[in-house]
Amino acid sequence: MTVTTETPTITIKDIAARAGVSISTVSRVVNQSVKVDPATEERVHEAIATLGYRPNLLARSFRRKITHTIGLLVPDNSNPFFAEMARVIEDAGFAEGYSVILCNSDLSEVKQTRYIDVLLAKRVDGIILTSTGLIPDEDTNHNLARIRQAGVPCVVIDRDLGDEPVDQLLVDNHEGGYLAARFLLDHGHRAIACVVGPSDLTPSAGRIAGFRRALREAGLDLPADALVRGNGRHDGGARAVGELLARNMELTAIFAFNDEMAIGVIGALQRTGRQVPGDVSVVGFDDIPYAAAVFPAVTTIAQPIAEMGRMGLKMLLDRIRDPTGEPSRILLSTRLMERESVRRISAPAH
Ligand code: RIB
C-alpha cells in the first residue's frame with residue numbers, strides 16, 4: 001500500500017496568522033505595492049520563510065494583467081553580437097523589475113511563429129524582436145500583426161521593416177558598408193570580394209548597397225563573381241574563401257557581413273598559406289569582443305551593440321507605459337575600428 005503525504009499548500013491566510021497581521025498587509029508586502037512598517041514587513045518575511053509560502057504569480061498576473069516579463073526573440077544568441085545585446089537587455093530589464101524570456105529563431109519562420117505563440121500565451125508585457133529578416137518579410141509582418149492584435153507592445157531591432165507600424169531600432173548599415181569600402185579603396189585595394197549575410201537579411205542588403213556606392217564613386221563596380229553568400233558563422237566564412245579561391249580571382253581584400261565570418265575568412269586564408277593582411281586584407285562588421293582578440297586583430301565596422309540593447313529595452317518600457325503615439329524609428333551610427341587585418345597596397349585613390 002502506498003501512503004502519500006501531500007504537504008498542505010501554504011496560503012496567504014496562514015502567513016497572516018503566523019505574522020499576526022491582516023491578509024491585506026501580507027498582500028502589500030508580497031506585491032510591494034504599498035510601504036509597510038519595517039518591523040511588520042520583517043515578521044511577514046519571517047513567516048513566509050518559515051512556512052515556505054510561494055505566491056501564485058500566475059494568478060496574480062491574471063488579476064493585474066501584468067507579468068513583469070519580456071520576450072526577447074533573436075536569431076542565434078550563440079553569436080556574440082546577439083549574446084552581448086541579449087545580456088544588456090536582460091540586465092536592463094532586471095533593473096526595472098522585469099524577467100526576460102530569451103528565444104532563438106535560427107532564422108526559421110516556423111520557430112519564429114512558434115515562439116511568438118508561446119510568448120503571447122505567457123502574457124509577456126512586451127516583445128523585443130530581431131526577426132528572420134527575410135526580404136520581403138511577410139512572415140514577420142504577419143507575426144507583428146498578431147502581436148498588435150494581442151495588444152502587446154513590440155520593438156524590432158536590427159531589421160528594417162520600412163513603414164510597418166512598429167517601433168524600430170536600426171543601425172545605418174548602408175553607412176557601415178560605405179565606410180568599409182572607402183577604407184579599402186583608400187588603402188589601394190581594387191580587387192575586392194564580399195561575403196554577404198545569410199538569406200536576404202535587411203542588414204546584409206544595406207551593407208552591400210553602401211559598399212557598392214563607394215565603389216561606384218571610385219568608378220568601380222562589384223562583379224557578380226566577387227559576391228559569395230555565407231551563413232553568418234565562422235564555417236560560412238571559411239567555405240566562402242574556398243568558393244572564391246575556386247574562381248581563381250585576383251583578390252587583395254575581402255569584406256565580410258559580420259566578424260564571425262571575417263574570423264572564419266582569416267583562418268581559411270591562413271590555412272591555405274596566405275598571409276593576412278600580407279596577401280589578403282579582411283574587414284568585418286559588428287566589433288564583437290573576439291575581433292580584437294584573434295591574430296591579426298580584425299579591422300571592422302563597429303555596431304553600438306550595448307547601446308542597442310539599452311535603447312531597445314527603454315523603447316519597449318516606454319511603449320508599455322504609453323501604448324499610444326506613432327511608432328518611432330531610430331537609426332544609430334556605425335564607426336570604423338582600424339586594427340591589423342588591412343594593409344595599404346598602394347597610394348590612396350584620388
Ligand atoms: O553577427 C550577426 C549579424 O547579424 C550582425 O551584423 C547583426 O547586424 C545581425 O543582423
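Ligands are counted one by one from 1 in listed order, and the atoms in each one are counted from 1 as well. Note that this is a predicted model, so its numbers are computed, not measured.
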ask   = Hey, which residues fall under 4.0 Å of ligand 1 on heavy atoms?
value =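 For ligand 1, the contacting residues are Asn79, Phe81, Phe82, Asp158, Arg159, Pro203, Arg207, Phe257, Asn258, Asp286, Gln303.
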remark   = The side chain to side chain donor-acceptor pair (under 3.5 Å) partner of Thr300 among Asp259, Thr334, Asp286 is Asp259
query = With ring centroids as reference points, do Phe183 and His187 lie under 6.0 angstrom apart?
reply =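 Centroid distance Phe183-His187: below 6.0 Å, so yes.
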query = Near Arg114 CZ, under 6.0 Å, is it more than 12 heavy atoms from other residues, nucleotides or ligands?
reply =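 No, because the 6.0 Å sphere around CZ of Arg114 holds 12 heavy atoms or fewer from other groups.
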task = Salt-bridge test for Asp76 and Arg233: reply yes if a basic N is under 4.0 Å from a carboxylate O, no otherwise.
result = yes
message = Taking Glu164 first and then Arg329, would you say they form a salt bridge - that is, a charged N and a carboxylate O separated by under 4.0 Å?
response = no
query = Do Asp221 and Arg216 have side-chain heavy atoms sitting under 4.5 Å apart?
reply = no
